[in-house]
Amino acid sequence: MRKVSIFEHVSLDGVIQHAGDDDGDFPYGEWTAPYRSPAGAQALAEAYGKRFDFVLGRRTYDIWSGVWPKVKGGPFAEAINAATKYVATHRPEGLEWGPVETLGADVVEGVRRLKVKDGPDLVVSGSSTLTPVLLDQGLVDEVVLIVYPVLLGRGKRFFSDRVGARELARVGTKTTPTGVLINTYRHVGSLRTAP
């Protein structure tokens, strides 16, 4: 069975919004740039693994298709461009950055089908509308939060009221030289509370 992992670049206050996803009113488009480092890129590439496919929302796919096909060289860029992109969309026209397939009309069933199909593990990144659905349906095996030492105060957030309470178990943490934490959590299930 394929593992589904959510990878999110997130501020300390939960913001995941970035350049290209701002509708013109988000002032911090490149807020992760000052914290990038070769060691951080290496740690992130190791977290992704050598082979993976993507599950992406249409907006994330469109943003990434304007960037990643232009990135040449390096094993991480090559892996991203070679990965099959499974896209949640109601408008399949214009899906040119491939290999690419749509998830179909029922996104949840589409991801369930992918999980039992042979192939590399599945990575969900960005896709702020899709991630809560997958979490709520119990389709996520792992959450990797790439946490930057900043407070943004506004923007799209990873954690929303659309997700039921969940329990995660920390698997590991790596720290980059610029203070970014790469926290990996395994999905446990529903939240346990004290009686």
Quiz item: So, do Lys72 and Glu78 sit near enough that their side-chain heavy atoms are less than 4.5 Å apart?
Solution: no
Exercise. Drop me the distance from Asp106's CG to Arg112's CZ, to the nearest 0.5 angstrom.
Key: 8.0 Å
Quiz item: Do side-chain atoms of Ser37 reach the backbone of Thr178 as a donor and acceptor pair under 3.5 angstrom?
Solution: no
Quiz item: Gly57 and Leu130: which non-hydrogen atoms are nearest, and at how many Å?
Solution: N-CD2, 3.9 Å
Practice problem: For side chain to side chain contact (heavy atoms under 4.5 Å, CB included), just list the numbers for Ile146 and Phe7, CA-CA rounded to whole Å, side-chain angles, deciding distance to a tenth of an Å, and then say yes or no. | Solution: CA-CA 7 Å; Ile146 303 100; Phe7 278 70; 4.2 Å; yes
Practice problem: For side chain to side chain contact (heavy atoms under 4.5 Å, CB included), just list the numbers for Leu56 and Tyr86, CA-CA rounded to whole Å, side-chain angles, deciding distance to a tenth of an Å, and then say yes or no. | Solution: CA-CA 6 Å; Leu56 300 171; Tyr86 297 98; over 6 Å; no
Exercise. Could you tell me whether a side-chain N or O of Glu142 sits under 3.5 Å from a main-chain N or O of Ser5, the two making a donor and an acceptor?
Key: no
Quiz prompt | Shared hydrophobic cluster for Val4 and Val171 (ILVMFWY, side-chain gaps under 4.5 Å) | solution = no
Exercise. Name the orientation class of the two ring planes belonging to Trp68 and Phe76 (parallel below 30°, tilted from 30 to 60°, perpendicular beyond 60°).
Key: perpendicular
Quiz item: Within the side chain of Lys3, is there an N or O that forms a donor-acceptor pair under 3.5 Å with the backbone of Leu122?
Solution: no
Quiz item: Short question: side chain of Asn81, backbone of Ala77 - any donor-acceptor pair under 3.5 Å?
Solution: yes
Quiz prompt | Among Leu145, Val180, Leu44, side-chain contact (heavy atoms from CB on, under 4.5 Å) partner for His9 | solution = Leu44
Quiz item: Taking Ser11 for the side chain and Val15 for the main chain, is one N or O donor matched with an acceptor at less than 3.5 Å?
Solution: yes
Self-check item: Atom of Asn183, atom of Val147 and distance for their closest heavy-atom approach
Solution: ND2-CG2, 3.7 Å
Quiz prompt | Test side chain to side chain contact (heavy atoms under 4.5 Å, CB included) applied to Val150 and Leu12, step by step | solution = CA-CA 6 Å; Val150 297; Leu12 288 172; over 6 Å; no
Quiz item: Is the number of heavy atoms from other residues, nucleotides or ligands under 6.0 Å of Arg51 CZ greater than 12?
Solution: no
Self-check item: CZ-OG1 distance between Arg59 and Thr89, expressed to the nearest 0.5 angstrom
Solution: 13.0 Å
Exercise. Could you tell me whether a side-chain N or O of Lys85 sits under 3.5 Å from a main-chain N or O of Ile80, the two making a donor and an acceptor?
Key: yes
Quiz item: Between CZ of Phe52 and OG1 of Thr84, what distance do you get to the nearest 0.5 Å?
Solution: 11.0 Å
Quiz item: How many angstroms lie between CG in Leu139 and CG in Leu134, if you round to the nearest 0.5 Å?
Solution: 6.0 Å
Quiz item: Are Arg91 and Asp62 within salt-bridge range, i.e. N to O under 4.0 Å?
Solution: yes
Quiz prompt | Arg36 and Glu30 ion-paired at < 4.0 Å | solution = yes
Self-check item: Closest non-hydrogen atom pair, Met1 against Lys115
Solution: CG-O, 3.2 Å
Quiz item: Would you say Val144 and Val188 are hydrophobically clustered, going by side-chain heavy atoms of ILVMFWY under 4.5 Å?
Solution: no
Quiz item: Should Tyr48 and Val123 count as side-chain neighbours, where that means a heavy-atom distance under 4.5 Å?
Solution: yes
Quiz item: Side-chain contact, heavy-atom cut-off 4.5 Å: Arg58 with Leu95?
Solution: yes
Exercise. Determine whether Val87 and Leu103 make a side-chain contact, defined as any pair of heavy atoms from C-beta on separated by less than 4.5 Å.
Key: no
Quiz item: Would a distance-only check, ignoring hydrogens and angles, find a side-chain to backbone donor-acceptor pair under 3.5 Å from Tyr61 to Trp97?
Solution: yes
Exercise. Group every Ile, Leu, Val, Met, Phe, Trp and Tyr by side-chain heavy-atom contacts under 4.5 Å, then state whether Phe158 and Leu151 land in the same group.
Key: yes
Quiz item: Checking side chain to side chain contact (heavy atoms under 4.5 Å, CB included) for the pair Asp136/Arg166: CA distance, chi angles, key distance, verdict?
Solution: CA-CA 9 Å; Asp136 201 46; Arg166 294 274 181 255; 3.9 Å; yes
Quiz item: Quick one: CD on Glu8 to OG on Ser125, what's the gap to the nearest 0.5 Å?
Solution: 5.5 Å
Quiz item: With the threshold set at 4.0 Å, does a side-chain nitrogen-carboxylate oxygen contact exist between Arg2 and Asp53?
Solution: yes
Quiz item: Would Phe54 end up clustered with Val71 when hydrophobic side chains under 4.5 Å apart are linked, directly or stepwise?
Solution: yes
Practice problem: Could you tell me the separation between the OH atom of Tyr185 and the OG1 atom of Thr173, rounded to the nearest 0.5 Å? | Solution: 6.0 Å
Exercise. Output yes when Lys174 and Glu46 qualify as a salt bridge under the 4.0 Å nitrogen-oxygen rule, no when they do not.
Key: yes
